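Take a look at the structure below.
Since the structure is predicted, the reported quantities are computational estimates derived from the model, not experimental observations. In the text below, chain A, chain B and the rest are named by the order of the sequence lines, each starting its count at 1.
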Amino acid sequence: MKELRAKIVDIAKRRGIYWGAYEIYSGVSGFYDYGPVGALLKKNILDYWLEEFVYKDGLLLIDSPAIGPDSVYKASGHADKFTDYMVRCNSCGHAFRVDELIAEYTDNPDALSPEEINEIIQKHEIRCPDCNGEFGPVEEFHLMFSTKIGLDKLGFLRPETAQGIFVNFPTLYRVNREKLPMGVAQIGRAYRNEISPRQGMLRQREFNMAEIELFFDPETEFNKELLGDIVLPLKTMDGAELKLRAKDAYNSGIANGYTLYYMGKILRFLERVGIDISRVRFRQHHREELAHYSRDTWDCEILLSYGWVEAIGISYRGDYDLSRHMKYSGVDMRAFRKFGKEKIVQINKIVPRMELLGPRFKAMAMKIARAMEDMELTEEVSGTLRVEIDGRIYEVPEEAYEVISIEKKVTGERFVPHVIEPSFGIDRIVYAILEHSFYEREDSGYKVLRFAPQIAPVKVGVFPLMSKDGLDTIAMDILKMLRISGINAYYDDSGSIGRRYARADEIGVPYCITVDYQTKEDSTVTIRHRDTTEQKRLSRDNLRDLLRKLVLEELKFEEL
RNA sequence: GCAGGCGUAGUGUAGUCUGGCAGCACAAGGGCCUUCCAAGCCCUUAGCCCGGGUUCAAAUCCCGGCGCCUGCACCA
């Protein structure tokens, strides 16, 4: 298996798919460049992702900034949960994670403040495990990259693209004409300052994500018709491995309906982009494994040379994110749920008597009156009323207001929507495609990447059989014609024809056109199929239309 | 961050122990040849991770740094 990894790394660098970034300065782990071939591969995957997940389901695509103020990440919980405390030994300089050092002295090392940690270290005389030296003060280590916005405002690089969607919920909800369910998608880079990233492309400090937040009303029944007969490979929290039809899984209550819906879509998507879905499963997180925001998470894992690798996560985040942003920002993030029938309810309402409030409170009178009107009267109100505005308490005497009982028509109520979040690790999918589409030909031993035509970076190679006798100029004409038509094609006249096919196979070019001597007589060319090496003759005239169909996979090579 | 291993053309490696002209293969570029799956011939490009030390002389020995790999830890 290690062998395979080495071959992928080799081919990736040699042919321009990807490589470690900043090589001339000896590299920085956790950062990668996509080369000319890889950048197109990634783009094609994302284009197809848009088709499948955004256009087909009518989602809203947005694009928000990668840098956000710390207020956003305080609200999201990342500022806390993404911080580790460390101490450094004064004599040997080694750094240690605090939670490990003090684990035996406290139940919840994660909940302590730096001061409390210092206290524990002092009290129990904890010393450096390496040299028994004394520790310096507690330092913070952020898994988020921090930066300054302007002169001194603290900012973070987003550790996920999701928050850009949550903070915009009220606007998006209106744009969507206040309808749920509402799906919002975002493609972009996210950043995590991993302590020591390994595993190549699979764990990067700057990486590409495609995320969806599907907002829905938890009280509206899920439409089962959305689930097909597709069979889902599941591994549940208690370790059971099952293959269940999506509908049956829903009936058994194993997961949320939208989670199952996305599992089905993901499986079809992965198959189409070239993943062997017999090496795919959905693994449910254990409770203690869940992220701080999650109620239930299923990882879509792909079997690679590294073992089972999480490539996509489907998280049921409940109302966590919107509730937090509502609390921290003070902005109403709720949606409206209409009742089937409108209800008539009796409510008590305070009516302020302005002629008494005015003289007494002067400029504050209007504010106090509004606050009184907005009070939720759950119990009887009488006597002096205490009204709080901006932290100050105002005492309103009994005679300055009246309580009246009125009938009110209630057509619905406000609630915080729930969220299902399918989150795609694009780089992991790209890498998985490389591993799953790589093979070596039995006869010659040379290497092939079996990319699906739709995601193949280069769709067609155009070769003159001999680079003389005018074959080269005909081939160049065909190349131009294809390029003008929006088909990514390239020309190669170097070395023998076999060598050129081999080069094309290495970067997964699905079709090769060869101009030979017969072309000069009857204007036909050969087309060669990468996966079978079979060839057919086609007329030059309908080459463009046929190739288009082949690339879109509307036509198979066998049908030519 | 810890422990171990490693760092030589684009890629893979020899040379390091025992200091003395840095070699091979593949790939790439040019040319000749060639009528369909990495053919052959000629030519070319291109390298000792960085810094310091020892030495007449360092890829080789010593020190420091950086990076990569494996394991541990970490992995929202």
Proximity to the side chain of R203(A) - top-ranked nucleotide from C36(B), C75(B), A28(B): C75(B)
What distance, rounded to whole Å, do you find between the two P atoms, one in G40(B) and one in C56(B)? 50 Å
Of G29(B), U34(B), C37(B), the nucleotide closest to the side chain of R503(A) is G29(B)
I'd like to know if the side chain of Q284(A) reaches the main chain of M237(A), judged simply by a donor and an acceptor atom lying under 3.5 Å from each other, with no hydrogens or angles considered. yes
Just how far, in rounded Å, is C1' of A46(B) from CZ of R14(A)? 17 Å
Closest to side chain of Y517(A), choosing from A28(B), C37(B), U35(B): U35(B)
Between the side-chain atoms of E194(A) and the base atoms of C75(B), is any donor-acceptor pair under 3.5 Å? no
Separation of C33(B) C1' from D493(A) CG (nearest whole Å): 15 Å
Can you find a donor-acceptor pair, distance only, under 3.5 Å between R499(A) side chain and C37(B) base? no
Suppose you measure atom C1' in G4(B) against the same atom in C42(B); what distance do you get, rounded to whole Å? 48 Å
What is the minimum heavy-atom distance between D492(A) and R500(A), and which atoms define it? O-CD, 3.1 Å
Does the base of C36(B) carry an N or O that pairs as donor and acceptor with the side chain of T526(A) under 3.5 Å? yes
P gap between C61(B) and U16(B), integer Å: 10 Å
Return the value, rounded to whole Å, for the distance between atom CG of L143(A) and atom P of G1(B). 15 Å
For W19(A) and G10(B), what is the distance between atoms CH2 and P respectively, to the nearest whole Å? 13 Å
Between C74(B), G29(B), C36(B), which nucleotide has the shortest distance from any of its atoms to the side chain of T514(A)? C36(B)
Suppose you measure atom C1' in C48(B) against the same atom in G7(B); what distance do you get, rounded to whole Å? 10 Å
Expressed in angstrom and rounded to an integer, what is the separation of I513(A) atom CD1 from C36(B) atom C1'? 13 Å
Hey, does the side chain of S494(A) come within less than 4.0 Å of G29(B)'s phosphate (OP1/OP2), counting only N and O? yes
By nearest-nucleotide position on RNA chain B, the 5'-leaning member of E23(A) and K447(A) is E23(A)
Taking the same atom, C1', in G29(B) and in C68(B), what whole-Å distance lies between them? 30 Å
Can you check the Q199(A) CD to C72(B) P distance for me, whole Å? 10 Å
Test your reading of the model: is there a side-chain donor-acceptor pair from N168(A) to the backbone of G164(A), 3.5 Å cut-off? yes
Nearest-0.5 Å distance, OH of residue Y34(A) to CH2 of residue W19(A): 12.0 Å
Check every strand shown and say whether E160(A) touches a base, only sugar-phosphate, or nothing at a heavy-atom separation below 4.0 Å. nothing
Qualifying residues under salt bridge (charged side-chain N to carboxylate O under 4.0 Å, His left out), relative to K235(A), sequence neighbours excluded: none
Say we look at U60(B) and G23(B): how far apart would their C1' atoms be, to the nearest angstrom? 15 Å
What distance do N208(A) atom CG and D427(A) atom CG have between them, rounded to the nearest 0.5 Å? 4.5 Å
Hey, does D516(A) reach any base, or is it just sugar-phosphate, or nothing, if we go heavy atoms under 4.0 Å? base
Which nucleotide in U34(B), C68(B), G29(B) has an atom nearest any side-chain atom of S29(A): C68(B)
Which dot-bracket notation, 5' to 3', represents the base pairing of RNA chain B when pairs are defined as Watson-Crick or G-U with both distances under 3.5 Å, crossing pairs as [ ], and inter-strand pairs as |? (((((((..((((......[..)))).(((((.......)))))....(((((..]....))))))))))))....
Give a yes/no answer on whether the side chain of K13(A) brings an N or O atom under 4.0 Å of OP1 or OP2 in G10(B). no
Ranking G29(B), U70(B), U34(B) by distance to the side chain of K468(A), first place goes to U34(B)
Interatomic distance at P, U8(B) relative to A14(B), whole Å: 10 Å
Looking just at side-chain N and O atoms, do S523(A) and R540(A) make a donor-acceptor pair shorter than 3.5 Å? no
One pair to check against side-chain hydrogen bond (donor to acceptor under 3.5 Å, both in side chains): E211(A) and S423(A). What are the steps and the verdict? CA-CA 4 Å; E211(A) 292 193 296; S423(A) 170; 2.9 Å; yes
side-chain hydrogen bond (donor to acceptor under 3.5 Å, both in side chains) assessment of R5(A) paired with S305(A): CA-CA 7 Å; R5(A) 219 182 290 169; S305(A) 63; 3.0 Å; yes
Nearest-neighbour nucleotide for the E506(A) side chain, A38(B), U34(B), C36(B) considered: A38(B)
Taking for D10(A) and for H285(A) the nucleotide of RNA chain B with the nearest heavy atom, the one nearer the 5' end belongs to D10(A)
Using whole Å, what does the distance between atom P of nucleotide A39(B) and atom CZ of R500(A) come to? 11 Å
What interatomic distance, in whole Å, is found between C1' of A73(B) and the corresponding atom of A3(B)? 12 Å
F31(A) CZ - C66(B) C1' separation (whole Å): 16 Å
Taking everything shown except K520(A) itself, do over 12 heavy atoms lie less than 6.0 Å from its NZ? yes
